[in-house]
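Start at 1 and go down the list; that is how both ligands and their atoms are numbered.
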Amino acid sequence: MARTDAIVLGAGIVGTSVALHLAKRGLSVALVDRAGVGEQTSYGNAGIIEGNTIFPPAFPFDAGALLRIAFKRASEASYHLSFLPQVMPWLLAFRSASRPERIAETARLIRPLFSRAVAEHEALMADAGATHYLRKTGWLKVYRGDKSFAALAPEFALAAKFGLPLKTLDTTGAQALEPSLNPVFAHAVFWPEAASVSNPLGVTRAYAARFAALGGIILSGDARSLHRTGNSWRVETDEGAIDAAQCVVALGPWAPDVLGELGIKLPLAVKRGYHRHFRAEGNAGLSRPVLDAEVGYLMTPMEQGIRITTGAEFAARDALPTPTQFSRIIPRARQLFRLGEPAEGKTWLGSRPCFPDSRPVIGRAPGFAGLWLAIGHAHWGLTLGPATGRMIAEMIAGEQPFCDPAPYRADRFNQRAGVNSRKS
Ligand SMILES: Cc1cc2nc3c(=O)[nH]c(=O)nc-3n(C[C@H](O)[C@H](O)[C@H](O)COP(=O)(O)OP(=O)(O)OC[C@H]3O[C@@H](n4cnc5c(N)ncnc54)[C@H](O)[C@@H]3O)c2cc1C
């Protein structure tokens with residue numbers, strides 16, 4: 001049996017950032033994963049560091065949008081019918097959190113954390129020699145119709161209040177930024193303070209390498225072996241048991257597998273999403289991520305090609321992939337951009353771990369000494385990984401957290417509202 005100051009369970013972008021921040025504070029840390037560093041959800045995302053986020057995605061109140069989703073005609077959202085009864089309590093809580101006054105409150109609560117997102121990545125990238133992955137070229141969102149653009153007024157008002165810059169553009173203005181876009185849209189919004197990365201896996205691996213260079217140890221093991229022994233937490237690894245006074249659960253969509261065993265029930269569901277890489281035709285290219293807002297997909301230039309990512313699919317985490325959204329998305333994407341052949345044969349599936357109020361849980365596990373949670377980062381795990389890592393490390397080290405952790409406490413939930421989205 002070996003002993004460290006802290007164990008971090010899960011080596012996605014969140015757990016790796018937590019481990020690195022702890023190591024930077026001089027703690028001895030074991031980072032434990034059953035797979036390779038950064039290879040799960042943190043591998044396949046759209047690569048955007050969304051420091052500009054104001055409103056999280058909301059439940060649609062518009063009857064037309066709901067009907068399109070219900071009849072599976074929407075490309076931005078899909079579902080497995082058999083999963084609906086299981087996820088219904090979560091959907092109702094999500095709907096309630098999407099009411100205008102609640103979502104405006106969420107925007108206010110999350111701003112301090114999101115406003116640090118790009119700077120916290122930049123600090124870790126400088127430390128880890130990963131700055132070459134960073135593109136500080138903003139994010140472009142295009143709107144094909146007037147209605148969806150007009151609906152952005154409340155977001156623009158809050159952006160002005162928060163001092164968050166944006167630029168509204170017509171087709172020609174957007175094409176000045178991205179000359180390869182075809183004029184199939186009427187409006188665009190450029191968010192200059194968002195950033196993106198050309199290889200999310202490369203970023204997480206670079207942070208892990210820096211962690212190891214600081215003396216951190218990366219071990220293969222199953223987090224489900226976590227248990228209390230005396231005053232410590234113990235996890236079994238391929239190198240034997242590791243004990244530590246502090247343990248951080250950063251298992252993304254798999255957190256319920258461990259927390260459920262401890263009797264900690266939190267309303268974590270998954271919004272599954274897919275990606276596929278394409279080559280660009282001829283000399284077409286992109287300098288930044290582009291969201292085709294009404295159609296509901298993203299195009300991001302990556303080292304592997306143009307990565308197309310889909311919106312949400314409500315299905316059991318471990319259910320077989322059903323990437324049907326692509327058949328609707330790809331013809332529309334080809335209208336906007338000269339997409340060539342797929343760069344590889346297979347479609348990637350990942351699961352965004354989501355709480356219904358769209359805020360992660362970052363902080364102590366109520367009722368368990370030395371147990372910490374860094375989970376539920378939904379659409380923003382890449383964005384918030386380093387900021388989360390810093391916040392948790394500051395709390396564990398007894399420092400003043402850089403922003404108020406109260407909005408992220410686990411005990412904000414009614415403990416009975418749990419959803420287990422693991423089985424179909
Ligand atoms: C299609 C899509 C697009 C997205 N786009 C963006 C974006 O542009 N920007 C953004 O900020 N976010 C985006 N996200 C969200 C982001 O990818 C996630 O929020 C983030 O990756 C979650 O990170 P994590 O470290 O919490 O989880 P993960 O990366 O899933 O890490 C969890 C780790 O736990 C390990 N694990 C699980 N079970 C066990 C076990 N029993 N024992 C040991 N280890 C275990 C896994 O192997 C894994 O490595 C997107 C997500 C999807 C699906």
Legend entry - Under 3.5 Å: N/O of Gly36 near N/O of ligand 1: no
Legend entry - Polar atom proximity, Asn45 to ligand 1 (N or O, under 3.5 Å): yes
Legend entry - Between Asp292 and Tyr297, a side-chain donor and acceptor under 3.5 Å: yes
Inset, instruction - Check whether any N or O atom of Thr309, backbone or side chain, sits under 3.5 Å from an N or O atom of ligand 1, and answer yes or no. - result: no
Inset, instruction - Examine ligand 1 and decide if any of its atoms is less than 4.0 Å from a heavy atom belonging to His275. - result: no
Legend entry - Close side-chain approach of Pro154 to Phe55, heavy-atom, < 4.5 Å: yes
Legend entry - Ser42 N/O under 3.5 Å from ligand 1 N/O: yes
Legend entry - Geometric N/O contact Trp348 with ligand 1, under 3.5 angstrom: no
Inset, instruction - For atom 49 (O) of ligand 1, grab the closest protein heavy atom and report residue, atom and distance to one decimal in Å. - result: Asp33 OD2, 2.5 Å
Inset, instruction - Check ligand 1 against Pro253 and write out every atom of the ligand that is under 4.0 Å from a heavy-atom position of the residue. - result: 30 (O)
Inset, instruction - Would you name the heavy atoms of Arg3 and Ser232 that are closest together and state the gap between them? - result: NH1-OG, 2.8 Å
Inset, instruction - Locate the shortest heavy-atom distance separating Leu91 from Phe59; write the atom from each residue and the value. - result: O-CD1, 4.2 Å
Inset, instruction - List the closest protein heavy-atom neighbour of atom 2 (C) of ligand 1: residue, atom name, distance to the nearest 0.1 Å. - result: Arg352 NH2, 3.5 Å
Legend entry - Gly273, any N or O under 3.5 Å of ligand 1 N or O: no
Inset, instruction - Indicate yes or no: does Asp238 engage Arg34 in a salt bridge with an N to O separation below 4.0 Å. - result: no
Legend entry - Protein contact to atom 15 (C) of ligand 1 [nearest heavy atom, distance to 0.1 Å]: Ala378 O, 3.0 Å
Legend entry - Element-labelled atoms of ligand 1 that are located less than 4.0 Å from some non-hydrogen atom of Gly10: 33 (C), 34 (O)
Inset, instruction - Show which atoms of ligand 1 fall inside a sub-4.0 Å distance from at least one heavy-atom site of Gln40. - result: 30 (O), 46 (C), 47 (O), 48 (C), 49 (O)
Inset, instruction - Verify the distance criterion only: is there a donor paired with an acceptor across the side chains of Glu303 and Asn199 at less than 3.5 Å? - result: yes
Legend entry - salt bridge (charged side-chain N to carboxylate O under 4.0 Å, His left out) contacts touching residues 39-55 (sequence neighbours left out): Glu39-Arg205
Inset, instruction - Starting from atom 36 (N) of ligand 1, locate the nearest protein heavy atom and write down its residue, its atom name and how far away it is, to 0.1 Å. - result: Leu251 CD2, 3.6 Å
Legend entry - Contact with ligand 1 for Ile13, non-hydrogen, under 4.0 angstrom: yes
Inset, instruction - Report, in ascending order of atom number, the atoms of ligand 1 lying under 4.0 Å from any heavy atom of Ala35. - result: 47 (O)
Legend entry - His379, Lys271, Arg307: member with heavy atom nearest to atom 13 (C) of ligand 1: His379
Legend entry - Location of contacts on Ser196 toward ligand 1, heavy atoms closer than 4.0 Å: neither
Legend entry - atom 16 (C) of ligand 1: the protein heavy-atom neighbour that sits closest, reported with distance to 0.1 Å: Gly381 N, 3.8 Å
Inset, instruction - Give a yes or no on whether a salt bridge exists between Arg108 and Glu105, defined as a side-chain N under 4.0 angstrom from a carboxylate O. - result: yes
Inset, instruction - Indicate yes or no for a side-chain donor-acceptor contact from Trp90 to the backbone of Cys354 under 3.5 Å, with no hydrogens or angles considered. - result: yes
Legend entry - Test item: side-chain donor near acceptor, Trp139 and Ser196, under 3.5 Å: no
Inset, instruction - Report, in ascending order of atom number, the atoms of ligand 1 lying under 4.0 Å from any heavy atom of Asp222. - result: 40 (C), 41 (N), 42 (N)
Inset, instruction - Check each of Arg34, Glu50, Arg224 against atom 43 (C) of ligand 1 and report the one with the nearest heavy atom. - result: Arg34
Legend entry - Asp127 and Lys24 ion-paired at < 4.0 Å: yes
Legend entry - Pick from Thr300, Leu384, Thr383: the one approaching atom 11 (O) of ligand 1 most closely through a non-hydrogen atom: Thr383
Legend entry - Whether Gly385 lies under 4.0 Å from ligand 1, heavy atom: no
Inset, instruction - Using distance alone, determine whether Ala46 and ligand 1 share an N or O pair under 3.5 Å. - result: yes
Inset, instruction - Can you pull out the closest protein heavy atom to atom 42 (N) of ligand 1? Residue, atom name and distance to 0.1 Å, please. - result: Ala223 N, 2.7 Å
Inset, instruction - May I ask you to test the Glu193-Val118 pair for a side-chain heavy-atom distance under 4.5 Å? - result: no
Inset, instruction - Pull out every atom of ligand 1 sitting under 4.0 Å from any heavy atom of Val14, numbered as shown with elements. - result: 23 (O), 24 (P), 25 (O), 26 (O)
Inset, instruction - Answer yes or no: does an N/O atom from Gly44 fall short of 3.5 Å to an N/O atom of ligand 1? - result: no
Inset, instruction - Looking only at non-hydrogen atoms, find the nearest pair between Ile375 and Phe355 and report the distance. - result: O-CE1, 3.7 Å
Inset, instruction - Consider every N or O of Val32 and every N or O of ligand 1, then say whether any pair is closer than 3.5 Å. - result: no
Legend entry - Atoms in ligand 1 flagged as close to Gly47, the criterion being non-hydrogen separation under 4.0 Å: 7 (C), 8 (O)
Legend entry - Residues Glu313, Lys271: salt bridge by 4.0 Å N-O rule: no
Inset, instruction - For Gly221, counting its heavy atoms only, list the atoms of ligand 1 lying under 4.0 Å from any of them. - result: 42 (N), 43 (C)
Legend entry - Salt-bridge contact Glu120-Arg390 (side-chain N to carboxylate O under 4.0 Å): yes
Legend entry - Within-cut-off N or O pair, Pro353 and ligand 1, under 3.5 Å: no
Inset, instruction - Please answer whether the main-chain N or O of Gln335 pairs with a side-chain N or O of Asn182 as donor and acceptor at a distance below 3.5 Å. - result: yes
Inset, instruction - Indicate whether any N or O donor in one side chain lies under 3.5 Å from an N or O acceptor in the other, for Thr300 and Arg307. - result: no
Inset, instruction - With sequence neighbours excluded, tell me which residues meet side chain to side chain contact (heavy atoms under 4.5 Å, CB included) with Ala70. - result: none
Inset, instruction - Write out the residue and atom name of the closest protein heavy atom to atom 30 (O) of ligand 1, then the distance separating them to 0.1 Å. - result: Thr41 OG1, 2.5 Å
Inset, instruction - Quick one: look up the protein heavy atom nearest atom 9 (N) of ligand 1 and list residue, atom name and how far away it is. - result: Ile48 O, 2.8 Å
Legend entry - Salt bridge Asp357-Arg412, side-chain N to carboxylate O under 4.0 Å: yes
Inset, instruction - Using a 4.0 Å heavy-atom threshold (strictly under), name the region of Glu39 that reaches ligand 1: side chain, backbone, both or neither. - result: neither
